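Just so it is clear, the model here is predicted, and its values are computed rather than measured.
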Amino acid sequence: MIDVPLAGTAIANQEVFAETLQSLAALDKQVVVVTSDSRGSGKLVPFGKKYPAQIVEVGIAEQNLVGMAAGLASTGKKVFAVSPACFLTARALEQIKNDVAYSNNPVKLVGISAGVSYGALGSTHHSLHDFAVLRAIHNITIIAPADGFETAQAVKQVAALSQPFYLRFGKKPMPLLDIEDTIPFEIGKGRVVREGDDIALIATGETVYPALQAAHKLASEYNVEATVISMHTIKPLDEELLAQVAQKCKAILTVEEHSVYGGLGEACAAWLLKNRYHKAFDLMGIPDEYTVTGSQTEIFNHYGISEEGIAHRALALLRV
């Protein structure tokens with residue numbers, strides 16, 4: 001069993017994104033940022049001051065944001081369209097579908113303050129639908145990094161590719177899953193951050209760290225060994241890795257900061273059933289109800305997306 005320490009300096013994925021983007025812009029004037037009154041929340045104020053010719057502000061107008069980004073991308077610019085995920089993937093969905101995906105304009109759509117990062121502002125500011133709606137659109141890759149390493153690698157890799165992407169980042173400082181950066185990052189391939197034969201905990205984005213904490217709790221208190229996967233790429237899903245854990249583990253539990261409908265859990269469940277893997281399976285996310293108000297941590301704890309909650313659900317699943 002490979003055991004990865006729960007350690008490392010914590011920094012918000014949004015901050016790592018902004019720093020990485022600034023380093024790319026220093027080397028390539030074709031890198032352009034388009035924002036919708038979100039350079040502050042997206043940590044892009046330093047970028048704007050240093051590279052004013054490489055940033056465009058459209059104001060609170062997400063549809064214009066995506067349309068303009070698509071136009072710039074069609075001329076060869078490497079465009080990152082940055083806006084709160086809740087608005088980007090709702091108010092500008094038609095433009096994402098037609099101007100970006102259908103027209104094959106290589107815009108890098110960046111949903112910031114994703115999931116329940118805006119917690120206390122309530123459901124209007126929660127993005128619990130973005131995986132679902134974008135999974136249903138052809139020609140767009142969906143990535144939700146778990147930590148700073150995955151974020152930096154994702155930004156660098158998508159900048160070099162001429163195709164549409166959706167990147168999802170949150171506000172909370174996230175510890176590094178692997179402080180030595182020994183586990184590689186590749187778009188479309190999940191990262192195995194811990195190995196075990198009893199249960200697979202497949203998580204994405206900011207739910208990976210509590211899943212890893214839960215795995216350590218399961219091992220130390222219950223002698224249950226869990227594989228933990230950062231399934232950072234929601235679409236396309238790493239089917240090869242999913243098959244491997246389905247063959248090895250007794251049960252599979254998915255964890256995501258998204259509605260239980262249409263996200264990582266349902267994607268995994270559909271693939272497993274279609275390919276005749278009959279395993280004890282459960283998914284954790286936000287249920288179909290009016291989401292409680294509070295900080296991200298408070299909302300996570302309320303719905304069991306925590307060390308204790310994930311461990312409890314894993315134990316219950318193993319008893320099926």
How about [X] and [Y]: do any of their side-chain heavy atoms sit closer than 4.5 Å?
X	Y	value
Val255	Pro210	no
Leu315	Tyr222	yes
Asn139	Pro164	yes
Phe165	Ile187	yes
Ile142	Thr233	no
Cys268	Leu237	yes
Lys235	Thr141	no
Phe149	Arg191	yes

Set of side-chain hydrogen bond (donor to acceptor under 3.5 Å, both in side chains) partners for Lys29, sequence neighbours left out: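 None.
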Test side-chain hydrogen bond (donor to acceptor under 3.5 Å, both in side chains) applied to Lys248 - qualifying residues, sequence neighbours left out: Thr227
Taking all non-hydrogen atoms of both residues, which atom of [X] and which atom of [Y] are closest, and how far apart?
X	Y	answer
Val107	Ala81	CG1-CB, 4.0 Å
Tyr277	Ala243	OH-CB, 3.6 Å
Gly115	Ser127	N-OG, 2.7 Å
Leu318	Ala251	CD2-CB, 4.0 Å
Gln14	Ser41	NE2-O, 2.9 Å
Ser36	Leu65	N-CD1, 3.9 Å

Residue pairs meeting salt bridge (Lys or Arg N to Asp or Glu O under 4.0 Å), one or both in residues 254-276, sequence neighbours left out, come to none
Looking at [X] and [Y], would you say the former's side chain and the latter's main chain have a donor-acceptor pair under 3.5 Å?
X	Y	value
His126	Gly119	yes
Asn64	Val58	no
Ser295	Glu298	yes
Thr207	Thr204	yes
Lys279	Cys249	yes
Ser259	Tyr261	yes
Thr75	Leu72	yes
Lys43	Ala18	no
Ser230	Val208	no
Arg194	Leu212	no

For [X], what residues pass the side chain to side chain contact (heavy atoms under 4.5 Å, CB included) criterion, not counting sequence neighbours?
X	value
Asp282	Leu253, Arg313, Leu317
Thr182	Asp178, Glu180
Ser74	Asn105
Asp238	Lys189, Met231, Glu240, Leu241

Only one of Asp130, Ile286, Leu264, Ile234 passes side chain to side chain contact (heavy atoms under 4.5 Å, CB included) with His258; say which it is. Asp130
Cation over ring, Arg168 on Phe131, under 6.0 Å and within 45°? yes
Verify side-chain contact (heavy atoms from CB on, under 4.5 Å) between Glu19 and Ile11, making sure each step is shown before the conclusion. CA-CA 11 Å; Glu19 292 172 2; Ile11 182 170; 4.1 Å; yes
For Asp198, give me all partners under salt bridge (charged side-chain N to carboxylate O under 4.0 Å, His left out), at least two apart in sequence or on another chain.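 Residues passing salt bridge (charged side-chain N to carboxylate O under 4.0 Å, His left out) with Asp198: Lys250.
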Partners passing salt bridge (charged side-chain N to carboxylate O under 4.0 Å, His left out) against Glu308 (at least two apart in sequence or in another chain): Lys217
Taking a hydrophobic cluster as the set of Ile, Leu, Val, Met, Phe, Trp and Tyr residues connected by side-chain heavy atoms closer than 4.5 Å, whether directly or through intermediates, do Met284 and Val116 fall within one such cluster? yes
Apply the hydrophobic cluster definition, ILVMFWY joined by side-chain contacts under 4.5 Å directly or through others, and give me every member besides Leu121. Tyr118
Contacts under 3.5 angstrom, residues 87-97 side chains, donor-acceptor by atom type, not counting sequence neighbours:
| unit_1 | atom_1 | unit_2 | atom_2 | d |
| --- | --- | --- | --- | --- |
| Thr89 | OG1 | Ala85 | O | 2.8 |
| Thr89 | OG1 | His129 | NE2 | 2.8 |
| Arg91 | NH1 | Glu62 | OE1 | 3.3 |

Gln30-Lys77 side chain donor-acceptor pair, cut-off 3.5 Å: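 The answer is yes; a qualifying pair exists.
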Test item: side-chain donor near acceptor, Tyr209 and Asp147, under 3.5 Å: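 There is no such pair between these side chains.
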Donor-acceptor contacts, no H, no angles, side chain residues 45-55, under 3.5 Å, sequence neighbours left out:
| unit_1 | atom_1 | unit_2 | atom_2 | d |
| --- | --- | --- | --- | --- |
| Gln54 | NE2 | Asp28 | O | 3.3 |
| Gln54 | NE2 | Val31 | O | 2.8 |

Using a strict 4.0 Å threshold on nitrogen-to-oxygen distance, state whether Glu206 and Lys172 make a salt bridge.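 Salt bridge between Glu206 and Lys172, a charged N being under 4.0 Å from a carboxylate O: no.
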